[in-house]
Amino acid sequence: MKAAIIILSDPKAGEEALGRMFNGLAAAYDFKQKDTEVGIYFQGTGTRWPGVLQDPAHPVHALYKEVEDRVIGISCGCADVFGAREEVEKAGFDLITDNSVPGTSGLPSIARIAADGYTVFMF
């Protein structure tokens, strides 16, 4: 099995969003601990999380650091739309553009991720 974790929740949306992001990272951690191939993608308003999670004082920072090496990248088009591109670039993550959605700079291709044999989990 291979797993793709897609984080869509918005760090500005409170506890429910924090819970979704936390559970997404916890799932990635679980897969990683079991030596299952896992990749994390930040998409939609979730593109705001990498900048937030860089703060060592954030309650999920330690978990994030455990799975940071599994982050495949950030949706370029979403980072542009939701104002996260500067933070994403500062954090050094790849901006993914393989799904050329009209009117955007591109997003991750969920069709390609699935075709590559990944089970997709969205949080």
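We use all heavy atoms of the structure for the numbers below, so side chains are in, but hydrogens, waters and symmetry mates are not. Numbers here simply count residues along the sequence, with the first being 1.
Put simply, SG on Cys76 and CD on Gln43 are 11.5 Å apart, with the number rounded to the nearest 0.5 Å. Glu16 CD to Asp10 CG: the interatomic distance, rounded to the nearest 0.5 Å, is 10.5 Å. Taken to the nearest 0.5 Å, the CG atom of Leu25 stands 11.0 Å off from the CD atom of Glu66. Note that CD1 of Ile74 is 13.0 Å distant from OG1 of Thr97, once rounded to the nearest 0.5 Å. Remark: Phe31 CZ to Ile40 CD1 distance equals 11.0 Å, nearest 0.5 Å. The distance from atom OG1 of Thr45 to atom CG of Leu8, rounded to the nearest 0.5 Å, is 7.0 Å.
Each of Lys34, Lys32, Gln33 was evaluated against Asp30; a single residue qualifies, Lys34, per the side chain to side chain donor-acceptor pair (under 3.5 Å) test.
Side-chain atoms of Leu18 and His58, non-hydrogen and from C-beta on, do get closer than 4.5 Å to each other. Residues Ile6 and Phe123 are not in side-chain contact: their nearest non-hydrogen atoms beyond the backbone lie 4.5 Å or more apart. No side-chain heavy atom of Leu107 sits less than 4.5 Å from a side-chain heavy atom of Ile96. Residues Arg70 and Ile5 fail the side-chain proximity criterion, which asks for heavy atoms closer than 4.5 Å.
Ile72 and Phe42 fall into different hydrophobic clusters, where Ile, Leu, Val, Met, Phe, Trp and Tyr residues are linked whenever their side-chain heavy atoms come under 4.5 Å apart, directly or through other members. Both Val52 and Leu63 are part of a single hydrophobic cluster, where members link through side-chain heavy atoms under 4.5 Å apart. Following chains of ILVMFWY side-chain contacts shorter than 4.5 Å, one can reach Met1 starting from Tyr29, so the two form part of one hydrophobic cluster. Residues Val67 and Val71 are members of one and the same hydrophobic cluster, defined by side-chain heavy-atom contacts under 4.5 angstrom among Ile, Leu, Val, Met, Phe, Trp and Tyr. Ile7 and Met122 fall into different hydrophobic clusters, where Ile, Leu, Val, Met, Phe, Trp and Tyr are joined by side-chain heavy atoms under 4.5 Å apart, directly or via other members.
In the displayed structure, Phe121 atom CZ is contacted under 6.0 Å by more than 12 heavy atoms of other residues, nucleotides or ligands. More than 12 heavy atoms of other residues, nucleotides or ligands shown are found within 6.0 angstrom of NZ on Lys2.
Between the side chain of Asp98 and the backbone N or O of Ser109 there is at least one donor-acceptor pair closer than 3.5 Å. A donor-acceptor contact shorter than 3.5 Å links the side chain of Asn23 to the backbone of Gly19. Between the side chain of Trp49 and the backbone N or O of Ser9, at least one donor-acceptor pair lies under 3.5 Å. Checked by atom type and distance alone, the side chain of Asp116 never pairs as donor or acceptor with a backbone atom of Tyr118 at under 3.5 Å.
In plain terms, the two heavy atoms of Ala4 and Ile113 that are nearest each other are CB-CG2, 3.6 Å. Residues Leu95 and Ala79 come closest through the heavy atom pair CD2-CB, 4.2 Å.
The list of ring pair (Phe, Tyr, Trp, His ring centres under 6.0 Å) pairs with a residue in residues 59-115, not counting sequence neighbours, is empty.
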TODO: Test side-chain contact (heavy atoms from CB on, under 4.5 Å) on Arg48 and Glu87 and set out the steps.
DONE: CA-CA 8 Å; Arg48 296 174 177 155; Glu87 286 295 318; over 6 Å; no
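At a threshold of 4.0 Å, the pair Lys90-Glu86 does not count as salt-bridged, since none of the basic side-chain nitrogens sits closer than that to a carboxylate oxygen.
Between Asp80 and Ser105, the side chains place a donor N or O and an acceptor N or O closer than 3.5 Å (distance only, hydrogens not considered).
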